[in-house]
Amino acid sequence: AMAARRTVPLDVLWAIDVSNKLLPAGEVQVRDQNIVVKAGDFIRDAEELRNLVINVVDGVPVYLKDIARIIDGPAEPASYSWISFGPASDLIKDLPDLYPAVAISVAKKKGSNAVFPAFW
């Protein structure tokens, strides 16, 4: 897809780099306050990235969606679970206070044999 549109990986790198910057452009003084002026913008989501112009060939824009598959990965964790040992535990003196925890839920499906899967 890139070769068909006469685009190279450096074109992609350059387009993302110049389109994803917020730079100081100076200051304006109003009364007793300095207001910092910034120019540029950040790419905010996958849709903006898909519609980013990477190159222009014969007057036709080449969008990133034309040469790449853009997917939005998993969200950042909003919270974490932790587990610790109580004061009565024999392990508390040898181990750290907190550990990351993982919770697993298991449910029996109505009408199924719950004993059979336990042996596998």
Side-chain angles (χ1 to χ4, degrees):
M2 290 177 74
R5 291 170 176 85
R6 296 187 295 201
T7 302
V8 296
L10 280 176
D11 293 332
V12 177
L13 178 67
W14 181 83
I16 292 173
D17 183 46
V18 299
S19 300
N20 200 34
K21 286 186 179 175
L22 186 63
L23 301 169
E27 292 182 1
V28 176
Q29 192 169 27
V30 179
R31 296 189 184 143
D32 293 337
Q33 294 182 344
N34 279 347
I35 300 172
V36 177
V37 178
K38 295 184 179 183
D41 203 1
F42 290 116
I43 297 171
R44 291 186 177 84
D45 57 21
E47 192 59 33
E48 279 188 29
L49 194 59
R50 282 184 194 95
N51 293 317
L52 183 66
V53 176
I54 299 300
N55 198 359
V56 178
V57 178
D58 297 330
V60 179
V62 177
Y63 297 97
L64 188 57
K65 65 185 173 187
D66 297 335
I67 59 171
R69 185 179 59 178
I70 312 298
I71 57 171
D72 192 2
E76 294 294 322
S79 64
Y80 294 94
S81 296
W82 298 91
I83 188 169
S84 66
F85 297 101
S89 173
D90 293 336
L91 299 174
I92 199 163
K93 61 183 171 270
D94 299 330
L95 299 173
D97 293 341
L98 292 173
Y99 293 92
V102 175
I104 299 174
S105 298
V106 179
K108 179 188 173 295
K109 185 176 178 181
K110 184 177 180 180
S112 66
N113 182 350
V115 175
F116 181 73
F119 290 108
W120 295 98

Please tabulate, one pair per line, all N/O donor-acceptor pairs under 3.5 Å involving side-chain atoms of residues 22-31, not counting sequence neighbours.
unit_1 : atom_1 : unit_2 : atom_2 : d
E27    : OE1    : N34    : ND2    : 3.4

**Complete:** Here the gap from T7 atom OG1 to N55 atom CG, rounded to the nearest 0.5 Å, amounts to 4.0 Å
**Request:** For the residue pair M2 and V12, establish whether any side-chain heavy-atom pair is separated by less than 4.5 Å.
**Result:** yes
**Message:** Please list all pairs meeting salt bridge (Lys or Arg N to Asp or Glu O under 4.0 Å) that have one or both residues in residues 6-21, counting only residues at least two apart or in different chains.
**Reply:** R6-D58, D17-K21
**Request:** Give the other cluster members for L13, using side-chain heavy-atom distances under 4.5 Å between Ile, Leu, Val, Met, Phe, Trp and Tyr residues; answer none if it is isolated.
**Result:** V8, L10
Report all side-chain donor-acceptor pairs from residues 59-71 shorter than 3.5 Å, counting only partners two or more places apart or in another chain.
unit_1 : atom_1 : unit_2 : atom_2 : d
K65    : NZ     : N51    : OD1    : 2.8
D66    : OD2    : Y63    : N      : 3.1

**Request:** Output all residues satisfying side chain to side chain donor-acceptor pair (under 3.5 Å) with D72, sequence neighbours left out; order by chain, then residue number.
**Result:** none
**Over all atoms of both residues, closest heavy-atom pair of W82 and A101** = C-CB, 3.9 Å
**Request:** Would you mind listing every salt bridge (Lys or Arg N to Asp or Glu O under 4.0 Å) that reaches into residues 38-56, with sequence neighbours excluded?
**Result:** D41-R44, E47-R50
**Prompt:** Should we say atom OH of Y80 is surrounded by more than 12 heavy atoms from elsewhere, each under 6.0 Å from it?
**Reply:** no
